[in-house]
Amino acid sequence: MIENQVPPHMTFLQIQTRTAQKELEEAVRKLEKTLIPVPFVFTACGGEIPNVIYAKVKMTEELKSQIDLIYNEISKIPDIKINPHYLPENIFPHVTLAKTLSREAQEKGLEYVHKNFSLFTGRLNEAGLSCGKPPVHLVRFKVE
């Protein structure tokens, strides 16, 4: 995935805007003061999404609270459209491990992760705002 310039990441919201980039950056800077290093429990790996391998994350109250916090701050901004799959009631928490894979690479990767997977934990330790493909980081900060 790094070869394709997309590092492993968790997407909390997917947003479209034509005019609100400055407001969006300001809202993300506000979140820098309120986000906490939420622990994650990874429960399985999957590849139902074409060309993607991901690790499923258990939805906990702490994670739900952070998702709601992000949504509530960003949704106040006029002229943004939030992808319905990323609304708090619809979100499927996962960390993208590999993206833009060929079908063969996805199959090999899934075979490997299914064979070697065991429960593990992680935590939110960095957040930001990115746009484009490959992603350009507009705002990035440590979560402490």
What's the shortest heavy-atom distance between [X] and [Y], and which atoms?
X    : Y    : answer
A27  : E73  : O-CG, 3.9 Å
M59  : I91  : CE-CG2, 3.7 Å
I53  : L110 : CD1-N, 3.7 Å
F42  : A55  : CD2-CB, 3.5 Å
F117 : A44  : CZ-N, 3.3 Å
L63  : V57  : CD2-CG1, 3.8 Å

Taking the side chain as every heavy atom from C-beta outward, state whether [X] and [Y] have any pair of such atoms under 4.5 Å apart.
X    : Y    : value
V28  : I70  : no
T121 : P39  : no
L24  : V139 : no
H85  : N90  : no
Q21  : E25  : yes

After noting the C-alpha distance and the side-chain angles of E32 and R29, does the key distance pass the salt bridge (Lys or Arg N to Asp or Glu O under 4.0 Å) rule?
-> CA-CA 5 Å; E32 184 173 4; R29 290 269 179 225; 3.5 Å; yes
Any ion pair linking E111 and K115 (charged N to carboxylate O, less than 4.0 Å)?
->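 So K115 does not pair with E111 through a salt bridge.
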Counting only heavy atoms not in K30, do more than 12 fall under 6.0 Å of its NZ?
->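 Count not over threshold, so no.
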How many angstroms lie between [atom1] in [X] and [atom2] in [Y], if you round to the nearest 0.5 Å?
X    : Y    : atom1 : atom2 : result
N125 : E144 : CG    : CD    : 9.5 Å
K81  : R18  : NZ    : CZ    : 10.0 Å
E61  : K64  : CD    : NZ    : 8.5 Å

Is L69 linked to I36 within one hydrophobic cluster, defined over Ile, Leu, Val, Met, Phe, Trp and Tyr using a side-chain heavy-atom separation of less than 4.5 Å?
->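 Same cluster: L69 reaches I36 through Ile, Leu, Val, Met, Phe, Trp or Tyr contacts under 4.5 Å.
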Connected via hydrophobic side-chain network under 4.5 Å: I77 and L87 |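 Yes, it is one cluster - the side chains of I77 and L87 are joined through contacts under 4.5 Å.
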P37: side chain to side chain contact (heavy atoms under 4.5 Å, CB included) partners, not counting sequence neighbours |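 Per chain and number, P37 pairs via side chain to side chain contact (heavy atoms under 4.5 Å, CB included) with R123, V143.
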Show me, pair by pair, the donor-acceptor contacts under 3.5 angstrom made by side chains of residues 10-17, not counting sequence neighbours?
| residue | atom | partner | partner atom | Å |
| --- | --- | --- | --- | --- |
| Q14 | OE1 | N83 | ND2 | 2.5 |
| T17 | OG1 | T19 | N | 3.4 |
| T17 | OG1 | A20 | N | 3.0 |
| T17 | OG1 | D79 | O | 2.7 |

Could you verify whether a donor N or O on one side chain and an acceptor N or O on the other, from Q66 and E62, lie under 3.5 Å apart?
->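 Their side chains do not contain a donor-acceptor pair, so the 3.5 Å distance test is not met.
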Residues which pass ring pair (Phe, Tyr, Trp, His ring centres under 6.0 Å) with F92, listed by chain and number, not counting sequence neighbours =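 Applying ring pair (Phe, Tyr, Trp, His ring centres under 6.0 Å) to F92 gives Y54, H94.
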